[in-house]
Amino acid sequence: MYQLLFREGTARRGVFETVHGTVQTPAFMNVATSAAIKGGISAGDLETLKCQVMLCNTYHLHIRPGDELIADLGGLHRFTTWKRPILTDSGGFQVFSLASLRKITEEGVHFSSHVDGKKIFMGPEESMRIQSHLGSTIAMAFDECIENPAPYDYTANSIARTARWLARCKAEMARLNAQPGTINPHQLLFGINQGATYDDLRIQHMQQIAEMDLDGYAVGGLAVGEPTEVMYHILDVVEPYMPINKPRYLMGVGTPSNIIEGVARGIDLFDCVMPSRNARHGHAFTWQGIRNLNNAKYERDMLPLDEDCECPVCQNYSRAYIRHLLKSGEILGGRLLVAHNLWFYNTLMERIREALDNHSFEAFRAENCEQVGTRI
RNA sequence: GUGGGUAUGGCGUAGUUGGUUAACGCGUCAGUUUGUGGCACUGAAGACCGUGGGUUCGAAUCCCACUAUCCACC
């Protein structure tokens, strides 16, 4: 149950109640594709890092270790020991990212497993069944994330099919939630807006799925190669058609400034692999911008990653030590950077919420966002 | 001491019927990364090819000497 507390311009401050606890929005969901944050961060660490929601992936967990196995073991919460909300992505994005191995039909998508090449079929019902087995707090609809650029006609056909799939997702989710023995009988379902970069198709599809009265709405198919201004434009275009009393999720986004600009355009939830992936490649997000800890200039730098950061890493470790760990291939280097970056992202959201609470979001945005002044 | 082998960017190597800007891996330096098929990807710097002579239009490549190093033998 989402409650919109108030708005500053289009930006929203809200509270999202779930069976696994409350989420203060705007919020960033920490990506744990295979039921683990890459880089060695545990569920216990995540609490310390101020994470509110963990995000896992249907496709990956279906392939390994198998959703039925996880169901037999009591679901994702018990499996991972994470007690707060979990959102599971539907596998729809893999239709896009594994494009060379797929075949899309009205029924669903035929994949080849990236692990062993085995043929896999996933459609709306399969995705809902898997996510029900996982027992996540929020299930995402099974959609097609259209690649960029995409022809108009292809996009029009695709979003019509994604809408039909959504109806099937909703029916199947209702059926599964009502079944005795379901791990999370209150599992929520979010629909996903598509339409590539076409204003009219985006609006048309948003209107269509808004009528289905789902538990939340996501904007998908963005940050897939289009210019940032185009992404912002699509958000501006779609926002008026998103239900006001439902949480809104911008999938896969983004940089700190992308997130601030997303909040400014009425988005409540975000997720992105950047803080973890970039950390593994040596980048630290800081309030002074990105630092590449591989750079030679940090060789003798005994300052913390970010002098303005209160995270456990910055309280204890120096840039020089972390650079050494990275150069030596020690996994601790990546682990410390991932921890710092997740703290940074979760703290960014905290500061955004504080700014909203103080009715100073626009000032915060102007101070930090690259669209206006640029720091992060 | 005798015989034989080897000497190519920081390290390890490729490169001989002599022919345009000497290749590769690692390392170094820098960049990329947006619902994660990723200790990934892209790019850059860096060598007058042990030293000195010689042959040749032309030598990392052939010849001589020297130096260093390795192996075997006395």
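Numbers restart at 1 for each chain; the letters A, B, ... are given by sequence-line order, proteins then strands. Computed from a predicted model, the values in this text were never measured in an experiment.
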Any strand counts, and the cut-off is 3.5 Å on both contacts for Watson-Crick or G-U wobble. Which nucleotide pairs with [N]?
N       : result
rC48(B) : none
rG18(B) : none
rG1(B)  : rC73(B)
rU33(B) : none

### Query
Does N57(A) get its side chain close enough to the base of rG35(B), under 3.5 Å, for a donor-acceptor pair?
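Absent.
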### Message
Between the base of rU36(B) and the side chain of H60(A), is there a donor and acceptor pair under 3.5 angstrom?
### Response
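Counting by modelled atom types and ignoring angles, no donor-acceptor contact under 3.5 Å is found here.
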Report yes if a side-chain nitrogen or oxygen of [X] is closer than 4.0 Å to either non-bridging phosphate oxygen (OP1 or OP2) of [N]; otherwise report no.
X       : N       : result
N295(A) : rC29(B) : no
R277(A) : rU34(B) : yes
T255(A) : rU34(B) : no
N294(A) : rC29(B) : no

Expressed in whole Å, how much space separates the [atom1] atoms belonging to [N] and [M]?
N       : M       : atom1 : value
rG27(B) : rC70(B) : P     : 28 Å
rU67(B) : rA60(B) : P     : 24 Å
rU61(B) : rU20(B) : P     : 13 Å
rG53(B) : rG10(B) : P     : 23 Å
rG46(B) : rC63(B) : P     : 33 Å
rA72(B) : rA47(B) : C1'   : 33 Å
rG5(B)  : rC64(B) : P     : 11 Å

### Task
Please determine if R265(A) forms a cation-pi arrangement with Y232(A), meaning its NZ or CZ atom is less than 6.0 Å from the six-membered ring centre and no more than 45° off the ring axis.
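Yes, R265(A) and Y232(A) form such a contact.
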### Task
Quick one: label S34(A) by what it contacts on the DNA or RNA (base, sugar-phosphate, nothing), any heavy atom closer than 4.0 Å.
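No contact at all - S34(A) keeps every heavy atom at 4.0 Å or more from the nucleic acid.
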### Message
Heavy atoms only, 4.0 Å cut-off, all strands: where does N278(A) land among base, sugar-phosphate and nothing?
### Response
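Base contact.
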Any Lys/Arg nitrogen of [X] or [Y] sitting under 4.0 Å from an Asp/Glu carboxylate oxygen of the other?
X       : Y       : result
R319(A) : E299(A) : no
R168(A) : E107(A) : yes
R13(A)  : E8(A)   : no

### Task
Look at the side chain of N292(A) and decide which nucleotide, out of rG35(B), rU32(B), rG31(B), has an atom nearest to it.
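In terms of side-chain proximity for N292(A), the closest of rG35(B), rU32(B), rG31(B) is rG31(B).
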### Message
According to side chain to side chain contact (heavy atoms under 4.5 Å, CB included), who are the partners of T197(A), at least two apart in sequence or on a separate chain?
### Response
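Per chain and number, T197(A) pairs via side chain to side chain contact (heavy atoms under 4.5 Å, CB included) with N148(A), E226(A), V230(A).
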### Task
Measure the distance from NZ on K38(A) to C1' on rA40(B) and round it to the nearest whole Å.
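Checked: the NZ to C1' distance equals 12 Å.
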